[in-house]
Student: 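Once you've had a glance at the structure underneath, I'll fire off some questions.
Basis for what follows: all heavy atoms, side chains included, without hydrogens, waters or symmetry-related copies.
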Amino acid sequence: MNQKAASIYLESEKEVTDKTFFIKYMIEVNFNRSSSEIDSSDMAEQATLMIYPHIRAGISTTMSAAGIEPIILPMLSLE
């Protein structure tokens, strides 16, 4: 299993303990390769591209449901 955690907050409050806006999320993903022809690093990149839109939507939806103007995270490009 591979767990990753990330936090989102205002850049101006990077060193502030009591932030006015803070989201911390953790995601756990399990993928299996059916072929040894698929490189692990390529699989990790593809998995990131597949999961990121769901993270974006989840953060936006959660903020909207809380009555907070949602932050729309930018699209992800791994080039």
Student: Transitively linked via ILVMFWY side-chain contacts under 4.5 Å: Ile51 with Leu73?
Tutor: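 Linked within one cluster.
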Student: Taking only distance into account, with no hydrogens and no angle test, what donor-acceptor pairs under 3.5 Å do side-chain atoms of residues 58-68 form with protein atoms, sequence neighbours excluded?
Tutor:
from: Thr61; atom 1: OG1; to: Ala57; atom 2: O; distance (Å): 2.8
from: Thr62; atom 1: OG1; to: Gly58; atom 2: O; distance (Å): 2.7
from: Ser64; atom 1: OG; to: Ser60; atom 2: O; distance (Å): 3.1

Student: Going only through I, L, V, M, F, W and Y residues with side-chain contacts under 4.5 Å, is there a path from Ile55 to Ile71?
Tutor: yes
